[in-house]
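Down below is the structure, laid out as C-alpha cells.
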Amino acid sequence: MVATPKDIAQAATATAATLLMWQMSMAEPATFRRDMDQSRRAIRASRELLERLRQRHRNDMAQSWEDANPATVAVSALQADVLRSASDA
C-alpha cells in the first residue's frame, strides 16, 4: 500500500497533536509548581504584613496606655460591672 499525500498529512497532524499534548502535559506540573510557589510567596508576604500591623497596633496601644492619665482611662461597661462587683464584695 502506498501512502497518499492525504494519509501523510493526517499522520503528521496526529503526530504533531500527540507531541503538543505531551508538551502541554509536561508543562502542567511546572506551571503548577510555579503557581504554588507564587501563592506561597504571597501568603508569606501577607503574614509578614499582618504581623507588622499587629505589632504596630500593640505598640500604639502600649503607648496610649502609658500616655493616658489614670483618671481618663476608658473602661468598658463589662469592666465597670466587674469593678463594681469587686468593690461591693
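All residue numbers in this chain count up from 1 along the given sequence. Note that this is a predicted model, so its numbers are computed, not measured.
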Rounded distance (nearest 0.5 Å) linking atom CD1 of I43 with atom CE of M36
7.5 Å
Looking at E51 and R56, is any side-chain nitrogen of the basic one under 4.0 Å from a carboxylate oxygen of the acidic one?
no
Answer yes or no: is there a donor N or O on one side and an acceptor on the other, between the side chain of S85 and the main chain of D81, under 3.5 Å?
yes
Which is it for M21 and T18 under the side chain to side chain contact (heavy atoms under 4.5 Å, CB included) test, yes or no, and what are the steps along the way?
CA-CA 5 Å; M21 287 176 46; T18 302; 5.8 Å; no
Which of R54, E48, Q55 passes side chain to side chain contact (heavy atoms under 4.5 Å, CB included) with R52? It is E48
Taking atom CZ of R58 as the centre, does the number of heavy atoms from other residues, nucleotides or ligands within less than 6.0 Å exceed 12?
yes
Kindly compute the distance separating OG1 (T15) from CG (L20), expressed to the nearest 0.5 Å.
12.5 Å
dist R41:CZ -> S46:OG (nearest 0.5 Å) comes out at 14.5 Å
